[in-house]
Q: 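This is the structure, below, for whatever I ask next.
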Amino acid sequence: MLKPRATRDPLHEPLPFRDALAVWFGQNGRDYPWRRTTDPWAVLVSEVMLQQTQIATVLGRGYYTRFLSLFPDPATLAVAEDEPLLKAWEGLGYYRRARMLRETARAVTAAGGFPDSLDTLQKLPGIGRYTANALRAFAHDRPAAVVDGNVARVLARLLDYHHAVDSPSGLKHLWEVAERLADPHRPRIYNSAIMELGQTFCRPGVPDCLACPVSAFCKTPEPSALPVKTAKPKTERIHTHVLWARDRMGRILLHQEQGKRRQGLWKLPERTPEETADLPEIATRTYGITRFHVTMHIHECADAPAREGESWHPEEAIATLAMPSPYRKAVEALLA
DNA sequence: CATGCGTGGCT
DNA sequence: TAGCCAAGCAT
């Protein structure tokens, strides 16, 4: 891996660093729909959708455009029911984001508009330090710095920073650096540029330092070794047993989540291994969720008493319900 | 401060 | 295949 030697320090010479980023971005910046608007609502929707979610997912499957046509302003989302909201979010994951976005829409609607102070923005549900600053930079073009996964990687390499970037102390340091580096005169361009740099040249694994517009400012001799992250617990293999139950009318038994996290989503009813031991297993599916590798065993039964939170649904109604992806796929395969 | 939260693409 | 990673946040 060939990498040009660092000849300049971005913290010591922030002006040429910002210029190099701005020039490159001005000629090569990508055209995303959320870069074509300054509407705080449209920007907020994009930022929340993009939390821990790749651009290709949000764009490729049309989530962003569809969501904004369904909920074009905060007042519309503020009065939306669970079902259309969760359905619009189906497949994006982290479903709590959708509910928190509606809570924020209600607060903004009640207040008659978006707050402009960083502290007030950060008190809104689902808006943390990153999203609050992103709103200020991308919607209002006001001085702000952001640290997301891309920026953390870029800064760690620029500074040859070998502490864990996902630890609280590491993040604190990176935010301080980010605020010193950020361009106070071109917040929108600067923040767009440094994030896009992390998606393109300064990508995870082996970066493309030879083409990087700021390689002269980059201190690390071994970029592929950065950033350092805290060790994650090893994936655990677990098994679940669910029912594929249809009554005499052909209706399907489903369970609606009640907890804090996935409230409102519909799943196949779960039973203990003992309860399904005598039922024929008609399919198994595997999927990953957080730190678990799940093998879902699907058992067929003609009928079953509905328990708390469970109800029967005609086949035509299934498509209108919001289901987590693994269950959506399982149901579609079983109905095919 | 560590952990849980979804999903899909890439290595 | 298994692990890593992504425009983080709340608890």
Side-chain angles (χ1 to χ4, degrees), chain A residues 30 32-35 42-61 63-64 86 89-101 103-104 121-139 144-154 164-172 174-175 178 188 191-200 202-206 224 226-237 257 259-263 265 267 285-294 322-329:
Chain A
R30 293 173 176 167
Y32 297 125
W34 45 85
R35 287 185 178 161
V43 172
L44 177 62
V45 168
S46 76
E47 291 302 337
V48 173
M49 280 193 176
L50 288 163
Q51 287 168 2
Q52 296 290 277
T53 307
Q54 304 208 90
I55 291 171
T57 302
V58 171
L59 276 188
R61 294 208 267 154
Y63 286 106
Y64 179 67
L86 292 174
W89 210 268
E90 185 184 76
L92 268 181
Y94 289 146
Y95 297 96
R96 191 176 43 162
R97 289 183 293 177
R99 293 180 169 282
M100 292 190 297
L101 185 57
E103 287 307 306
T104 284
L121 279 170
Q122 274 193 75
K123 288 194 177 81
L124 294 168
I127 299 185
R129 189 173 183 180
Y130 165 80
T131 305
N133 279 283
L135 261 178
R136 284 168 66 83
F138 299 138
V146 298
V147 177
D148 71 331
N150 292 304
V151 176
R153 178 172 57 255
V154 170
V165 299
D166 56 350
S167 69
S169 63
L171 272 175
K172 182 174 181 294
L174 292 181
W175 274 98
R188 183 181 287 137
N191 287 299
S192 302
I194 195 165
M195 289 168 71
E196 192 159 319
L197 189 81
Q199 295 161 14
T200 54
C202 201
R203 57 188 178 251
V206 182
S224 57
L226 293 173
V228 175
K229 296 201 171 184
T230 59
K232 292 288 173 264
K234 207 166 57 178
T235 305
E236 189 178 334
R237 290 179 174 277
E257 289 279 322
K260 276 269 185 213
R261 297 242 157 79
R262 284 183 286 178
Q263 187 183 19
L265 292 175
K267 305 164 72 167
R285 303 186 68 89
T286 64
Y287 62 95
I289 179 169
T290 64
R291 62 188 203 84
F292 299 104
H293 179 274
V294 183
M323 308 180 74
S325 281
Y327 293 91
R328 172 63 63 196
K329 289 173 184 167

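These numbers were taken from a predicted model, which means no experiment stands behind them. To find a chain, count down the sequence lines: A is the first, B the second, and so on, and within it residues start at 1.
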Q: Determine whether the aromatic ring centres of Trp34(A) and Phe138(A) lie less than 6.0 Å apart.
A: no
Q: Take the protein atom CG of Leu265(A) and the nucleotide atom P of dC5(B), then report the distance between them rounded to whole Å.
A: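 Interatomic distance, CG of Leu265(A) to P of dC5(B): 13 Å.
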Q: For Tyr95(A) versus Met323(A), what's the shortest heavy-atom pair and its separation?
A: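 Distance-wise, the nearest heavy atoms are OH-O, 4.3 Å.
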Q: When the P atoms of dT3(B) and dA7(C) are compared, how many Å lie between them, rounded to an integer?
A: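 These two P atoms come out 24 Å apart once rounded.
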Q: In whole angstrom, give me the gap between the C1' atoms of dT7(B) and dT11(C).
A: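 Here dT7(B) and dT11(C) have their C1' atoms 22 Å from each other.
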Q: Please compare Met323(A) and Ala231(A) by the position of their nearest nucleotide in DNA chain B and report the one closer to 5'.
A: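 This one resolves to Ala231(A).
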Q: Who passes side chain to side chain contact (heavy atoms under 4.5 Å, CB included) against Gln122(A), sequence neighbours left out?
A: Leu118(A), Arg129(A), Ala132(A)
Q: Give Met100(A) one of three labels, base, sugar-phosphate or nothing, depending on what nucleic acid heavy atoms sit under 4.0 Å from its own.
A: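 Result for Met100(A) = sugar-phosphate.
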Q: When you get a sec, tell me which of dT7(B), dC9(C), dA7(C) is the closest nucleotide to the side chain of Tyr95(A)?
A: dT7(B)
Q: Rounded to the nearest angstrom, tell me the gap between atom CH2 in Trp89(A) and atom C1' in dC9(C).
A: 13 Å
Q: Given atom CG of Leu50(A) and atom C1' of dA7(C), what is their separation to the nearest angstrom?
A: 5 Å
Q: Take the protein atom CZ of Arg291(A) and the nucleotide atom P of dG6(B), then report the distance between them rounded to whole Å.
A: 15 Å
Q: What are the two closest heavy atoms between Arg188(A) and Ala139(A), and how far apart are they?
A: NH2-O, 3.2 Å
Q: Polar-atom pairs under 3.5 Å, protein N or O versus N or O of nucleotides 2-4 of chain C: list them with distances, or write none.
A:
unit_1, atom_1, unit_2, atom_2, d
dA2(C), OP1, Arg237(A), NH2, 2.8

Q: Does Thr230(A) reach a base, just sugar-phosphate, or nothing at all? Heavy atoms under 4.0 Å.
A: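 No contact.
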Q: How many Å lie between CZ on Arg136(A) and C1' on dA7(C), as a whole number?
A: 18 Å
Q: Listing time: all N or O pairs from protein to nucleotides 8-11 of chain B that are below 3.5 Å?
A:
unit_1, atom_1, unit_2, atom_2, d
dG8(B), OP1, Arg61(A), NH2, 3.3
dG8(B), OP2, Lys329(A), NZ, 2.8
dG8(B), N2, Gln54(A), NE2, 3.3

Q: Could you tell me which non-hydrogen atom of Arg285(A) sits nearest to which non-hydrogen atom of Pro326(A), and how far apart they are?
A: NE-O, 4.3 Å
Q: Among the nucleotides dA6(C), dC5(B), dA7(C), which one has an atom lying closest to any side-chain atom of Lys229(A)?
A: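 Nearest listed nucleotide: dA6(C).
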Q: Measuring only the C1' atom in each nucleotide, how far is dC1(B) from dA6(C)? A whole number of Å is fine.
A: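 Roughly 23 Å separates the two C1' atoms.
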Q: Starting from the 5' end of DNA chain B, give me the residue, Ile289(A) or Pro168(A), whose nearest nucleotide shows up first.
A: Pro168(A)
Q: Please confirm whether the shortest side-chain N or O distance from Ser46(A) to OP1 or OP2 of dA7(C) is below 4.0 Å.
A: no
Q: With respect to the phosphate group of dA7(C), does any side-chain polar atom (N or O) of Gln199(A) fall under 4.0 Å of OP1 or OP2?
A: yes
Q: Whole angstrom is fine here: how far is it from CD in Glu257(A) over to P in dG6(B)?
A: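 Going from Glu257(A) (CD) to dG6(B) (P), I get 9 Å.
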Q: If you look at every strand shown and take non-hydrogen atoms under 4.0 Å, does Ile55(A) touch a base, only sugar-phosphate, or nothing?
A: base
Q: Report the residues that fulfil salt bridge (charged side-chain N to carboxylate O under 4.0 Å, His left out) with Arg328(A), sequence neighbours left out, ordered by chain and then residue number.
A: Glu90(A)
Q: Tell me which nucleotide among dA7(C), dG4(B), dG8(C) gets nearest to the side chain of Gln52(A).
A: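 When the side chain of Gln52(A) is considered, dG8(C) is the closest of dA7(C), dG4(B), dG8(C).
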Q: What is the distance from CG of Leu135(A) to P of dG8(C), rounded to the nearest Å?
A: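 It is 14 Å, rounded to the nearest whole Å.
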Q: Holding to ring-ring contact (aromatic ring centres under 6.0 Å, His included), I want the full list of residues that pass it with Tyr63(A), two or more places apart in sequence or in another chain.
A: none
Q: Apply ring-ring contact (aromatic ring centres under 6.0 Å, His included) to Phe292(A) and list each qualifying residue two or more places apart in sequence or on a separate chain.
A: none
Q: What nucleotide, of dC5(C), dG4(B), dC1(B), holds the atom closest to the side chain of Arg153(A)?
A: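 The listed nucleotide nearest to Arg153(A)'s side chain is dC5(C).
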Q: Look at the side chain of Thr53(A) and decide which nucleotide, out of dA6(C), dA7(C), dG6(B), has an atom nearest to it.
A: dG6(B)
Q: Taking atom types as modelled, is there a side-chain donor on Thr200(A) or Arg30(A) under 3.5 Å from an acceptor on the other?
A: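 The answer is no; no qualifying pair exists.
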Q: Side chain of Pro204(A) only, heavy atoms from C-beta on: which candidate in dA7(C), dA6(C), dG4(B) is closest?
A: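 Within the option list, the nearest is dA6(C).
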Q: Quick one: is dG8(C) close enough that its OP1 or OP2 comes under 4.0 Å of any side-chain N or O from Arg129(A)?
A: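 Checking dG8(C) against Arg129(A), no side-chain N or O comes under 4.0 Å of OP1 or OP2.
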Q: dG8(B) and dC9(C): how far apart are their P atoms, nearest whole angstrom?
A: 22 Å
Q: With distance as the sole criterion, is a donor-acceptor pair present between the side chains of Tyr130(A) and Glu47(A) under 3.5 Å?
A: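 Indeed, the side chains of Tyr130(A) and Glu47(A) share at least one donor-acceptor pair under 3.5 Å.
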Q: Rounded to the Å, how far apart are Asp166(A) CG and dC1(B) C1'?
A: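 Distance check: Asp166(A) CG to dC1(B) C1' gives 12 Å.
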Q: I want to check something: taking the side chain as every heavy atom from C-beta on, are Thr53(A) and Leu92(A) in contact at a cut-off of under 4.5 Å?
A: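 With C-beta onward as the side chain, the pair touches.
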